[in-house]
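Here's the structure we're looking at; comments come further down.
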Amino acid sequence: MSDIGQPNQQVFADTLLEIARDHPDILIVTSDSRGSGKLVSFGEQLPDQIVEVGIAEQNLVGVSAGLAAAGKRVFAVSPACFLTIRSLEQIKNDVAYSDRPVRVIGISAGVSYGMLGSTHHSLHDYAALRCINNIDIIAPADNFETRAVLDAIIEYPRPVYVRFGKKPMRHLHAEDTHFEVGKAITIREGTDLTFIAIGEPTARALGAAELLEHEGLSCRVVSMHTLRPFDTDALLDAARNTGAIITVEEHSVYGGLGECCAGILMQQGVHTPLKIVGIPDEYTVTGDQHYIFDHYGISAEGLARTARDLLRVGV
């Protein structure tokens, strides 16, 4: 098997189509994004199970909440950058506060849209949704986690937000790996430093650990695929049993995984050296995802360099 698989949102679309054939109560609601969401085949094969509202994300969420209230299993699919800003009030009131188990699916997340620039980047979604009670937040790291997430949320009783990207992903897990919402997965053991990553940058963190192994450094890599509910035990174990922590996310350095980890560690009185790697507070450079990741140090080489610097500081 090749080390590189498919884009996560392609795996999401294909897997959901397979499941939905036997479950007519599964509905997709989309905002003129079936093409970018890889849902064309779904619409052709199950036309009665997809609802198109046009470019109207607020309506999309409201319709989805109403269908969920009527007992349907609803997937509200739209580009993450628009879904979590244009319709934030509807996600808050119609879905989370009304406790409607809508599966809010943000596609082309993070900097997946690349050359389209900052207007199409979703670097705010973790921060915005973490402030809203009663919606879980998940970002799969590879194709395995994508399929596992979908299996987990088909019967999910709560509102949930899941974000997917557009690029083919490296396989990180064996197929028999145990997956559970809210429980981090340790991809690689280590004692000197821990990379805690969420979503697509997890593969870059593993690459950094592999580079550092050649320098005699032992690095743990943790896929923190669920931002809420958060696996505090995995974080504290890393802090107490490795020398430093680097968090890695395709999101602003404000309000996401890194600040979540920092807040927990401070309140627990654990003073392990910590570095947050993400997109800084500036006008984001324009380029494809790979270029943007490299520019901001979200690459195997960049993360390895950050690890060396942090371990020197922490000595």
Side-chain angles (χ1 to χ4, degrees), residues 8 57-58 61 76 78-97 102-113 116-141 149 158-165 181-182 184 195-202 204-205 222-232 234-235 245-267 274-285 289 292-293 295-298:
N8 283 343
E57 289 83 1
Q58 294 166 322
V61 176
S78 188
C81 55
F82 305 130
L83 183 61
T84 56
I85 284 295
R86 286 182 183 165
S87 54
L88 184 61
E89 182 176 2
Q90 284 70 33
I91 292 174
K92 180 184 74 172
N93 292 331
D94 298 348
V95 175
Y97 291 178
V102 176
R103 297 129 185 100
V104 181
I105 308 298
I107 59 172
S108 303
V111 295
S112 291
Y113 275 126
L116 293 179
S118 294
T119 58
H120 283 62
H121 297 336
S122 53
L123 304 177
H124 57 273
D125 47 349
Y126 296 158
L129 295 176
R130 283 183 65 216
C131 296
I132 296 174
N133 175 54
N134 197 40
I135 183 166
D136 293 343
I137 305 168
I138 307 173
V149 165
R158 292 170 41 77
V160 60
Y161 171 71
V162 186
R163 57 136 71 176
F164 297 116
V181 172
F195 291 103
I196 298 179
I198 184 170
E200 298 195 3
T202 306
R204 275 74 173 185
V222 175
S223 173
M224 190 68 74
H225 48 73
T226 307
L227 194 54
R228 179 195 285 147
F230 191 81
D231 192 345
T232 300
L235 170 63
I245 291 174
I246 296 174
T247 65
V248 192
E249 58 196 306
E250 190 177 1
H251 185 273
S252 168
V253 294
Y254 297 132
L257 171 68
E259 286 202 340
C260 179
C261 291
I264 291 170
L265 293 176
M266 287 296 292
Q267 292 184 82
L274 171 71
K275 175 67 176 179
I276 299 172
V277 177
I279 307 299
D281 183 23
E282 65 181 45
Y283 291 110
T284 309
V285 299
Q289 185 194 52
I292 295 171
F293 275 13
H295 180 84
Y296 291 115
I298 310 173

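Everything numeric here is computed off the predicted structure, so don't read it as measured data.
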- Task: With side-chain contact (heavy atoms from CB on, under 4.5 Å) as the test, would you mind laying out the steps for Ile298 and Ile279 before giving the verdict?
- Result: CA-CA 9 Å; Ile298 310 173; Ile279 307 299; 4.0 Å; yes

- Task: Could you check if a side-chain atom of Ile91 sits within less than 4.5 angstrom of a side-chain atom of Tyr161, using non-hydrogen atoms only?
- Result: no

- Message: When you compare the side chain of Leu257 with that of Ile196, does any pair of heavy atoms fall below 4.5 Å?
- Response: yes

- Do Arg228 side-chain atoms and Arg130 backbone N/O form a donor-acceptor pair below 3.5 Å? yes

- Query: Would a distance-only check, ignoring hydrogens and angles, find a side-chain to backbone donor-acceptor pair under 3.5 Å from Asn134 to Ala96?
  - Reply: yes

- Query: Which pair of heavy atoms, one from Thr247 and one from Gly258, lies closest together, and at what distance?
  - Reply: OG1-CA, 3.3 Å

- Shortest non-hydrogen pair, Ala184 vs Met224, comes out as CB-SD, 3.7 Å

- Taking the side chain as every heavy atom from C-beta outward, state whether Thr226 and Asp231 have any atom pair closer than 4.5 Å. no

- Message: Looking at every heavy atom in both Ser78 and Glu57, which two are closest together, and how far apart are they?
- Response: OG-CG, 3.6 Å

- Task: Determine, stepwise, if the pair Arg163 / Ile137 fulfils side-chain contact (heavy atoms from CB on, under 4.5 Å).
- Result: CA-CA 8 Å; Arg163 57 136 71 176; Ile137 305 168; over 6 Å; no

- Between His251 and Leu123, is there a donor-acceptor pair closer than 3.5 Å when you use the side chain of the first and the backbone of the second? yes

- Message: Before we go on, tell me: are the rings of Phe82 and His120 under 6.0 Å apart, centre to centre?
- Response: yes

- Minimum heavy-atom distance Pro201-Ile198, with the two atoms named: CD-O, 3.3 Å

- Worked check of side-chain contact (heavy atoms from CB on, under 4.5 Å) between Tyr254 and Ile276: CA-CA 9 Å; Tyr254 297 132; Ile276 299 172; over 6 Å; no

- Query: NE2/His124 to OG1/Thr84 distance, rounded to the nearest 0.5 angstrom?
  - Reply: 3.0 Å

- Message: Just so I know, are the side chains of Leu227 and Glu249 near enough to count as touching, which here means a heavy-atom distance under 4.5 Å?
- Response: no

- Would you say Ser118 and Tyr283 make side-chain contact, with heavy atoms under 4.5 Å? no

- Is there a side-chain contact between Ser252 and Asp281, using heavy atoms and a 4.5 Å cut-off? no

- Message: Contact between Val285 and Tyr296 at the side-chain level, heavy atoms closer than 4.5 Å - yes or no?
- Response: yes

- Query: Going through the checks in order, is the side-chain contact (heavy atoms from CB on, under 4.5 Å) test met by Leu88 and Leu129?
  - Reply: CA-CA 8 Å; Leu88 184 61; Leu129 295 176; 4.0 Å; yes

- Query: Going from CZ on Arg103 to CG on Asp136, what distance comes out if it is rounded to the nearest 0.5 angstrom?
  - Reply: 12.0 Å

- Message: Please check: side-chain N/O of Ser108 versus main-chain N/O of Gly165, any donor-acceptor pairing under 3.5 Å?
- Response: no

- Apply the test side chain to side chain donor-acceptor pair (under 3.5 Å) to residues Glu259 and Tyr126: give CA-CA distance (whole Å), side-chain angles for both, the deciding distance (0.1 Å), then the verdict. CA-CA 11 Å; Glu259 286 202 340; Tyr126 296 158; over 6 Å; no

- Query: Which heavy atom of Pro140 sits nearest a heavy atom of Val149, and at what distance?
  - Reply: CG-CG2, 3.9 Å

- Is any side-chain heavy atom of Gln289 closer than 4.5 Å to a side-chain heavy atom of Ser112? yes

- Item | Interatomic spacing from CD1 in Ile138 to CD1 in Ile105 - rounded to 0.5 Å | 8.5 Å

- Item | Heavy-atom closest contact (Thr202 atom, Ser223 atom, distance) | CG2-CB, 4.1 Å

